[in-house]
2 protein chains.
Amino acid sequence: MEYTEGESDPGTTRPGGRTARVRAAVLSAAADVLAEQGFAHLDLADIARRAEVGKTTVYRRWGTATGLVTDLLLDMAQQSVPRTETGSLLGDLTANARLVQRTLADPRQGALFKAVIAAAGSDPKAAEALYGFYTARVEEWAPCVEQAAARGEVPGGTDAREVIRATSAPLYYRLLTTALPLDEAAADRAAHAAAAAAAAGAYVRKAGT
Amino acid sequence: MEYTEGESDPGTTRPGGRTARVRAAVLSAAADVLAEQGFAHLDLADIARRAEVGKTTVYRRWGTATGLVTDLLLDMAQQSVPRTETGSLLGDLTANARLVQRTLADPRQGALFKAVIAAAGSDPKAAEALYGFYTARVEEWAPCVEQAAARGEVPGGTDAREVIRATSAPLYYRLLTTALPLDEAAADRAAHAAAAAAAAGAYVRKAGT
DNA sequence: TCCATAACGGGACTCCAGTTCCATTAACTC
DNA sequence: GAGTTAATGGAACTGGAGTCCCGTTATGGA
């Protein structure tokens, strides 16, 4: 690797026109490859060919496969779907679980998540981007648990973020470690389980945590 | 790749002595690299150097990085820890969750799991090995939920396998998508949540599933 | 203990991902 | 709309991953 952060990254001073088109073409080509073949087959020279873009440009702007995947995640993070409020914890968690399920079940987006998770295993920057992404998502949804606490649906002292994570966790587990279908029933089950566990006080913060 | 399945794989006819030593050295070197640098930095030529083994041998027997990681998983699968029985669902699930937690928190084993999950995203054989591994583990632990059902701790019709998966899921989610510590408290929380959700009937099979 | 051959290992070779250099193109500024 | 220079892209280059060939080693069976 040679195109490290010298002065300012390319694409930051004149981000419009051609630069934006190149970025869009490269990200799109990368997403195609991920969906078709997975992260291991992501090589920058091939991406450049598919995107009909100079190989030099791809190496200069993204450097490595993990860098490209990281940018892809940041790009996806832009389109954040706003949280819905249904009036009950189960309803809110179900909405969240179904959103996650639809995202992961989508071939392109699901493949992207697998790729970022794979990349995060070796690349600290990818890991940081991934953690940041989930922190933001969890933070976005945590209030629904706090509202549920105010309504008396869950005990006081319940760790709201942990409840949100517990809702997503079974879906990721399915995606990554099983061949089982990631359907709406799985989402509803995850939401139901998280709501029941929260109501039973499983996520009440203990002293010293 | 060229060393595809021709007739019989090397190492099958004379698996003793040198062949076994080579395998042990290569797997050990691979585990070192995984723990130190992650899956992306796993390259077979480097492994051969570290293991002080001919490069040709490594390519001939494992072919690719994903093949090597798959073999590493199969090797680990040999040492299966027997299930313990505590007499209560919460006790059994806690035992399971702590076992998973200790495994994932261990640098070498945790890195291996990350690597296999990464490999499974691109390589069908790795995916198959991974799915098989978890199927076996889930099958091993499922009886404890059935016993709980017999004792009346959970409703009849509860999907035992799903309860076991629900116990592990939050731990994998933590490992892969957050920077949060994977400690015993996380394991206990996962077990508690799964037990509570199961008792509340969250894993009762619906009609048509 | 001896033999047939499975498995290993060194070395030369190939090919392409990743780099470097520089000419060309086209954003943004005034 | 003219000039500055950020950003792109072609072309030549290079290092090392992955392959191939063949001689050497030592396993497992008789």
Side-chain angles (χ1 to χ4, degrees), chain A residues 1-30 33-34 37-71 119 122-123, chain B residues 1-30 33-34 37-71 119 122-123:
Chain A
M1 195 186 320
E2 197 56 33
Y3 298 112
T4 40
E5 341 265 289
E7 284 121 39
S8 63
D9 298 309
T12 53
T13 312
R14 290 177 183 176
R18 180 169 59 169
T19 296
R21 280 197 302 281
V22 165
R23 185 174 121 119
V26 169
L27 292 187
S28 171
V33 172
L34 285 184
Q37 308 187 281
F39 181 59
H41 298 281
L42 196 62
D43 103 271
L44 302 210
D46 179 49
I47 295 295
R49 278 188 293 272
R50 287 180 178 237
E52 296 180 40
V53 155
K55 187 169 63 157
T56 314
T57 301
V58 177
Y59 281 103
R60 187 164 32 215
R61 287 188 58 186
W62 289 278
T64 62
T66 61
L68 185 48
V69 162
T70 302
D71 195 25
S122 320
D123 184 64
Chain B
M1 200 183 318
E2 196 58 35
Y3 299 111
T4 39
E5 340 267 288
E7 286 122 41
S8 64
D9 297 310
T12 52
T13 311
R14 291 179 185 173
R18 182 168 61 169
T19 297
R21 279 197 302 280
V22 165
R23 185 172 118 114
V26 168
L27 292 187
S28 170
V33 173
L34 285 184
Q37 310 187 281
F39 181 61
H41 298 282
L42 196 62
D43 102 89
L44 301 210
D46 179 47
I47 295 294
R49 277 189 293 273
R50 288 180 177 237
E52 297 179 42
V53 154
K55 188 169 62 156
T56 313
T57 302
V58 177
Y59 281 102
R60 186 165 32 217
R61 288 189 58 185
W62 289 279
T64 63
T66 60
L68 186 47
V69 164
T70 303
D71 195 24
S122 317
D123 184 64

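Residue numbers begin at 1 in each chain, while the letters A, B, ... track the order of the sequences.
For the pair A:L42 and A:A30, the tightest heavy-atom approach, listed with the atom from each and the gap, is CD1-O, 4.0 Å.
The side chain to side chain contact (heavy atoms under 4.5 Å, CB included) search around A:R50 returns A:A29, A:D32, A:V33, A:E36, A:Q37, A:D46, not counting sequence neighbours. The side chain to side chain contact (heavy atoms under 4.5 Å, CB included) check on B:A24 picks up nothing, with sequence neighbours excluded.
For B:R18 and B:K55, each mapped to the nucleotide of DNA chain C holding its nearest heavy atom, the one lying further toward the 5' end belongs to B:R18.
A donor-acceptor contact under 3.5 Å links the side chain of B:T56 to the base of C:dG10. Side chain B:T19 to base C:dC8: no donor-acceptor pair is found below 3.5 Å.
Listed nucleotides: C:dC8, D:dA17, C:dA17. Nearest to the side chain of B:D43: D:dA17. Minimum atom distance to the side chain of B:L44 is reached by D:dG18, of the listed D:dG18, C:dA27, C:dG9. Closest to the side chain of A:T13, out of D:dG18, C:dA6, D:dA7, is D:dA7. With D:dA17, C:dC8, C:dA27 as the candidates, the nucleotide lying closest to the side chain of B:Y59 is D:dA17.
Atom-to-atom, CZ of A:R14 to P of C:dT29 comes out at 9 Å; the value is rounded to the nearest Å.
By the 4.0 Å N-to-carboxylate-O rule, A:R61 lies too far from A:D71 to be salt-bridged with it.
Looking at heavy-atom distances under 4.0 Å, A:R21 makes contact with sugar-phosphate atoms alone, never a base.
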